[in-house]
Amino acid sequence: MVNLSRRGGFTLMELITVIIIVAILATFAWPSYERFIERMRLAEADSTMGSAVQAQDRYFVKRSQYTRYWHYLDAVPRAVERPVEGNDYANGLENTIYYSNGGANKPKEEARPGFAISFEADDTNHWFVVARRVGKGKYNYTLVRPFDGHQTLCLPSEENEDDLRMCMDYSGAEEPGDLPEDPRSGIL
């Protein structure tokens, strides 16, 4: 005879054990997930910077000079094709800064994580595309790509361990001293 008095299911102890195991796994997985998402943002900024340098090279061939203005280039992010005052992706009417994830007109605690990407020249007339990490989050590093180079450099902000780890990972550096120096000698 089969005993039908016991029903299937979980005991409270089994349920609590599973919840504890899931919480422990999530605790270890969350930092890896955050780093993965940040690497995705960094890769997107690097790609945008590479496209910007190529567009600047084409602009230079036509006009024998570079420009600080995104909307003068032939290949730009859609958000900066036309200057619009108050545009979340623009810096006034000139569109000198492209915000990869919006946030130009928002306080840091409200802005979505992304990059403010602009063109800069130093006092020796070397040009760079520079992406500064903006928006809420724990990162504050800067990406710099010289127009005459093919490598984007990751420069951690001082005293930020998360920036240092991200830049070391991106650059393949074993030690903090192996990270590249800022190639800009003095920005005009």
Could you go step by step and tell me if E44 and R41 meet the salt bridge (Lys or Arg N to Asp or Glu O under 4.0 Å) rule?
CA-CA 5 Å; E44 177 188 9; R41 288 187 186 112; over 6 Å; no
For R39 and D169, what are the C-alpha separation, side-chain angles and deciding distance, and is it a salt bridge (Lys or Arg N to Asp or Glu O under 4.0 Å)?
CA-CA 9 Å; R39 284 291 304 216; D169 180 41; 3.2 Å; yes
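The hydrophobic cluster containing Y139 does not contain F36, counting ILVMFWY residues as joined when their side-chain heavy atoms lie under 4.5 angstrom apart, directly or transitively. The cluster map of Ile, Leu, Val, Met, Phe, Trp and Tyr, joined by side-chain heavy atoms under 4.5 Å apart, puts V53 and F60 in the same cluster. Under the 4.5 Å side-chain heavy-atom criterion for ILVMFWY residues, a single connected hydrophobic cluster contains both I20 and F28. A continuous path of Ile, Leu, Val, Met, Phe, Trp and Tyr side chains, each step under 4.5 Å between heavy atoms, connects M40 with Y33, placing both in one hydrophobic cluster.
N160 places a side-chain N or O within donor-acceptor distance of the main-chain N or O of K138, the cut-off being under 3.5 Å.
Here the options are Q56, M49, E120, the test is side chain to side chain contact (heavy atoms under 4.5 Å, CB included), and the partner is V129; only M49 passes. Of the options W127, Y72, Y59, W70, a ring-ring contact (aromatic ring centres under 6.0 Å, His included) to F119 is made by W70 and by none of the others. Checked options T152, I117, V130; the residue passing with R145 is T152 (criterion: side chain to side chain contact (heavy atoms under 4.5 Å, CB included)).
Across A55 and A75, no two heavy atoms sit closer than the pair CB-O, 3.8 Å. Nearest heavy-atom pair across D182 and R184 is OD2-NH2, 2.7 Å. Shown here for F128 and D122, the closest heavy-atom pair between the two residues is CE1-OD2, 3.7 Å. Residue L179 comes nearest to C167 through the heavy atom pair CD2-O, 3.6 Å, listed as atom of the first residue, atom of the second, then distance. Heavy-atom minimum distance, A23 versus T27: O-OG1, 2.8 Å.
To the nearest 0.5 Å, the span separating CG on L153 from CG on L143 amounts to 9.0 Å. Taking CG of D46 as the start and CD of Q151 as the end, the distance is 9.5 Å to the nearest 0.5 Å. For the atom pair CG (L12) and CD (E14), the distance works out to 10.0 Å, reported to the nearest 0.5 Å. Rounding to the nearest 0.5 angstrom, the gap separating the CG atom in L73 from the CD atom in Q54 is 12.0 Å.
Other residues, nucleotides and ligands contribute only 12 or fewer heavy atoms inside 6.0 Å of the CD atom of E174. By the 6.0 Å contact criterion, CD on E181 is open, its count of non-hydrogen atoms from other residues, nucleotides or ligands being 12 or less.
Counting only heavy atoms from C-beta outward, the side chains of D163 and R133 never approach each other to under 4.5 Å. Counting heavy atoms from C-beta outward, R68 and S118 have side chains that stay 4.5 Å or more apart. Under the 4.5 Å side-chain criterion, counting only non-hydrogen atoms from C-beta, V144 is in contact with P183. With contacts defined as side-chain heavy-atom distances shorter than 4.5 Å, the pair V61/D57 does not qualify.
Aromatic ring centres of Y141 and F115 lie closer together than 6.0 Å. Aromatic ring centres of F147 and Y66: separated by under 6.0 Å.
Taking the six-membered ring where tryptophan is involved, the planes of Y69 and H71 are tilted, since the angle between them lies from 30° to 60°.
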